[in-house]
Amino acid sequence: MKKTALFALVLVLAMTFVSAAGTKEQSSDDGTVTLTAYMQIDPANDQYAGHNAVMAAFEEKYPNIKLDIEYASGEAFHQKFQSMAASKQIPDIYTCYGGARTAYVTETGLTLDLTPYLDDAFKSQFASATWNPQGSAGVIYMIPPAFSVCHTIYANTAILDKLGLEYPKTFDEWLSQIPTIRAAGYYPVSMGNKDPWVVNSWLLGTLIERFGGKEWIMKAAKGEASFTDEPFVKALDVIKQMSDAGLFSPGVNQMSNSEADQEFYQQKSVYLIDAGWRTSAMDAALPADQREAIKMTVFPALDGEVTHNTSSAVASEGFALSKALEKDKAKLDAALTFIKFYTGTEGATIRAEHGDVPSYNLDLSKVNLDVMQKKFVEFSAEYPMGYVFDSIMDGEGVTMLNTDLQAMMMGNGDPKQIAADYEAWVAANDSNRD
Amino acid sequence: MPRLNKRASYLTLLLPAFIIYIGIIIFPILVSFGLSFTEWKRFKMTGFNGLDNYISILTDPVFQRSLWNNVQIMLISVLGQIPLGIILAYLLHRKWVRGTKFFEFMIFLPVTISSVVIALLWNRVFSPVGIYTTFVRMITHNPDYVVKIFESEKFAMIPVLLVLLWQYTSLYMVIFLANLQRIPSSVFEAALIDGAKESTIIWKIVLPALSTVIFTCSVLAISGSLKSFDLVYAMTAGGPVNYTYVMALYLYQHTFTFHNYGKGSAVSIIIVLLSVGLISLVRGIYDKAQKKFE
């Protein structure tokens, strides 16, 4: 019995070694290059239908390049990635941001600077903002395949028509619609701020930019202006006014994103404050007539604003390469081939057909788009894009600010005090002021 | 000589377990202790900062709230889950209800479900678009109704505590039930024949027989309460504001979101110290109780 058990153990170990060795041999002998990849993408989500289509097209065109991909999303992605970065065991290709969110992998010498591998002919095919310097070293760590539009107001014009209303031109006009909307049994605005970054990412940045202009935020970040200045305090005050006036659905701070979306989809509310990427989900979930009735627009005009009709956008997370690939030319070439395919004309065209607005310069009028995706393309072309506040400032301070914002929306906070507390934190801790 | 050989063979047999124990328990705690005196900026250790991390944590209102929330979880565990577990186990053991097997199964069910699933389930019921809220809005004709307790600074923890009570009482019930079944039925019968009241049976037979397991359950409850994470993270993520924050969330955020490994390590050391202190306290209470019963 003991001998049998020992024999079985030896057999299992031997098979493990043989199969492990076989994998290595296969990648070098038949010309196939296998790359490991870690992506913050959820292939089961409608939002990533374009990604799945690009991956299928890439596999067909380059059968000799295999991608061994691990997918994860949200905090789970970051948690595992941080462990990988800490142990310096990172995959060949991975998704990351150009800013602070994934600095644990870009600012620690693990990510390849792509600058030497991108010639002008390739770069000229993209929107110029694609090549904005990234990280503290101002290099190119990743190529963003698209831009993420973080402020959109979706308006149900069918309900507005029924109530004899129009999309408001000014903020005051918007507030004045509340009694009519409530009297008809609707909620004015759905927004899910249970995760308190929502109000910051999807609203605050746009409001600050409206009051301060595009350059003000960098001045404030670097200490040449203060967060106790008017643009920031006024922006906070607008959010307070929205809460106090009952513009949001009841329980806005208990409601998740998806619950807020559902409220709007079920036509219980007239407006939805959300991100631009919600359009693909709407195309999948809503009947054609309802989608036709949805207007995509931006926050109405505010008293004292210096920029008008702005939304906010940030380069989406893109593909970066491990610095270790420098030592393996075959893998490096394969990885660059993948990135260029994904972000270049072929990948961009496929993604555009699924609702992405690629960073690659593509004539989107020639692409067959669904209803909401078409509206998103028009929206992106119509409204000037400002910054996304929490992509600029350090996460710890932003988290504190988000918590204070949530408290204010629940009636426990004053814009001036919140601004003063945030300025004090930034002055003492934020890396922008180093 | 044979005695020496025996000792050597004991040590040899213990060595692998000892090395594993040192490697995965003692070593990380020591490293964490060392890290708790360090300062981190931009993912790099910039030097030692003495007790700064500890001072910053202990004076942080968010940590103070987290600590208080953990104390509440501990109280509901030790004074809620364990007594309720004993009561339910006793009811089922004495077969005072019909269908004991059915109740055993139903009561034990929550502990077999993942905390994340439980959190999602409760959120689905009580969120502003949940079944309960929708139902109340419908019958009260109040479209603004939401479950306000979730937004209350003082009481936001109550839903979390109720879910914890519901989820884990069953675990203790099963442990107590298994131990009650070890008490010979003749002991109960003899007590009843002698005219002992139910309260006398509980105080003189049941509780002394369960004292060791009550102590073990208290240790489990205390250590589990101080490191509570999964249910709170999935149910409220510490919000709204920081009303339902717990120490493990505070640790997680500072370590993995803000990359301040020094502060995160200091929180973990505080949790370890609190666990050891409280478990020692329970040990002392248990020893005194043992003497009293003896």
Q: Between chain A and each of B:Thr236, B:Val147, B:Thr257, count heavy-atom pairs under 4.5 Å; write down the option with the most.
A: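 Looking at each option in turn, the highest pair count goes to B:Val147.
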
Q: Does any heavy atom of chain B fall under 4.5 Å from the side chain of A:Lys194, the backbone, both, or neither of them?
A: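 Side chain only.
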
Q: Does the pair A:Arg182 and B:Asp144 meet the rule for a side-chain contact (heavy atoms from CB on, under 4.5 Å), with working shown?
A: CA-CA 10 Å; A:Arg182 293 307 310 263; B:Asp144 290 341; 2.5 Å; yes

Q: Looking at B:Val241 and A:Gln406, what are the two nearest heavy atoms and their distance?
A: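 So the minimum-distance heavy-atom pair works out to N-OE1, 2.6 Å.
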
Q: Count the heavy-atom pairs under 4.5 Å between each of B:Ser127, B:Gly239, B:Pro143 and chain A, then report the option with the highest count.
A: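 Option with the greatest count: B:Pro143.
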
Q: What part of A:Thr399 gets within 4.5 angstrom of chain B, counting heavy atoms only: side chain, backbone, both, or neither?
A: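 Just its side chain gets close to chain B.
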
Q: Side chain, backbone, both or neither: which part of A:Gln254 has a heavy atom under 4.5 Å from chain B?
A: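 Contact with chain B is through both the backbone and side chain of A:Gln254.
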
Q: Would you mind checking which part of A:Met255 comes under 4.5 Å of any heavy atom in chain B, side chain (CB onward), backbone (N, CA, C, O), both or neither?
A: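 Both backbone and side chain.
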
Q: Heavy-atom distance under 4.5 Å to chain B: side chain of A:Asn193, backbone, both or neither?
A: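 A:Asn193 has no heavy atom closer than 4.5 Å to chain B.
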
Q: Checking A:Glu396 against chain B: side chain, backbone, both or neither under 4.5 Å from a heavy atom?
A: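 The answer is both parts of A:Glu396.
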
Q: Side-chain contact test, heavy atoms from C-beta onward, threshold under 4.5 Å: evaluate it for A:Gln82 versus B:His259 and give yes or no.
A: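 Yes, close enough: below the 4.5 Å cut-off.
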
Q: Looking at side-chain heavy atoms only, is the closest gap between B:Val129 and A:Lys268 below 4.5 Å?
A: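 Result no, sub-4.5 Å side-chain heavy-atom pair not found.
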
Q: Does any backbone or side-chain atom of A:Asn402 lie under 4.5 Å from a heavy atom of chain B? Answer side chain, backbone, both or neither.
A: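 Looking at A:Asn402, nothing touches chain B.
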
